[in-house]
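Ligands are counted one by one from 1 in listed order, and the atoms in each one are counted from 1 as well.
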Amino acid sequence: TINIAVLVSGRGSNLQSVIDSIESGDIQNAAIKVVISDIGDAYALERARNHRISTVFIDPSSFENKQAFEQEILRALKGHDIGLILLAGYMRIMGKEMIRTYRNRIINIHPALLPSFMGLHAQQQAFDYGVKVSGCTVHFVDEGMDTGPIILQKCVPVMEDDTAETLAARILEQEHKILPEAVKLFVEGKLKVEGRVVVHT
Ligand code: GAR
């Protein structure tokens, strides 16, 4: 069994998609051990509690600096024998030590077709740019922001009458498919990172 930690900052619908895939048996030999949030009242924490998953709130404002905050995350992970970390709507950049410690074992979901529209508010960025196709990306996390090796992507069309919100909702539906799919591939040992490229074995 692979023990999973999920880092969140908000609503937690992507966390829910992974919980559901594990509970339905679609993903086997995986267990979410802990959900960690940098936001105290994130709805994601309630979702975790509803499924009897332990939760940790780590308040960034109570630390001297970014490193001290990251140390606390590492401490919270320790003891769970974590084999995979999911960033599911986690709105911070991972520190170097986290990435070094969990190299190719941290997976992020991003609401655009990388390398387009990195960073925050990717759906709004895509909408404002006027692209006709956007989508979502699941990738391993490296030292850059949204630059790591890509595992899966899904296209989503932009419609004439879209707003950034309706586009985001259409993208989110696909996020809920490709994030659990990527977790399944990882847990089954079917992902091999060769430089920039993730090979599905
Ligand atoms: C999702 O759309 C996710 O792709 C995005 O935040 C949302 C979280 O929703 N993540 C990022 O923008 C990362 N920079 P959720 O909390 O319901 O899963």
Next item on the list: Using distance alone, determine whether Asn14 and ligand 1 share an N or O pair under 3.5 Å.
Entry: yes

Next item on the list: Using distance alone, decide if ligand 1 has a nitrogen or oxygen within less than 3.5 Å of any nitrogen or oxygen in Asn108.
Entry: no

Note to self: Give me the residue, atom name and distance of the protein heavy atom closest to atom 2 (O) of ligand 1.
What the structure shows: Glu175 OE2, 3.0 Å

Check: Where the closest heavy atom to atom 15 (P) of ligand 1 is concerned, which of Ala168, Ser13, Ala122 has it?
Finding: Ser13

Margin query: If you take the nearest heavy atom of each of Ala88, Gly10, Pro111, Ala44, which one is closest to atom 12 (O) of ligand 1?
Written below: Pro111

Checklist line | N-O pairing of Arg170 and Asp162 below 4.0 Å | finding: yes

Checklist line | Glu97 and Gln71: side chain donor to acceptor below 3.5 Å | finding: yes

Next item on the list: Return yes or no for this condition: an N or O of Gly12 is under 3.5 Å from an N or O of ligand 1.
Entry: yes

Next item on the list: Just do the salt bridge (Lys or Arg N to Asp or Glu O under 4.0 Å) check on Lys192 and Glu194 with the steps written out, would you?
Entry: CA-CA 6 Å; Lys192 204 164 130 224; Glu194 293 181 356; 3.0 Å; yes

Next item on the list: With heavy atoms under 4.0 Å as the rule, classify the contact between Met91 and ligand 1 as side chain, backbone, both or neither.
Entry: side chain

Next item on the list: Look only at the side chain of Arg52 and the backbone of Ala48, and say whether a donor-acceptor pair between them is shorter than 3.5 Å.
Entry: no

Next item on the list: Report yes or no: does Gln123 have a heavy atom closer than 4.0 Å to ligand 1?
Entry: yes

Next item on the list: Flag this pair as yes if the NZ/CZ of Arg92 is under 6.0 angstrom from the six-membered ring centre of Phe69 and inside a 45 degree cone about the axis; otherwise no.
Entry: yes

Check: Backbone or side chain, does any N or O of Tyr90 fall under 3.5 Å from an N or O of ligand 1?
Finding: no

Item checked: Polar contact flag, side-chain donor to acceptor under 3.5 angstrom, His51-Glu23 -> yes

Notebook entry, point to check: Who's the nearest protein heavy-atom neighbour of atom 8 (C) of ligand 1, and how far?
Noted result: Gly89 CA, 3.6 Å

Notebook entry, point to check: Name the one of Asp26, Asn29, Val18 that satisfies side-chain contact (heavy atoms from CB on, under 4.5 Å) with Lys184?
Noted result: Asp26

Item checked: Shortest protein contact, atom 7 (C) of ligand 1 (heavy atom only) -> Arg11 NH2, 4.0 Å

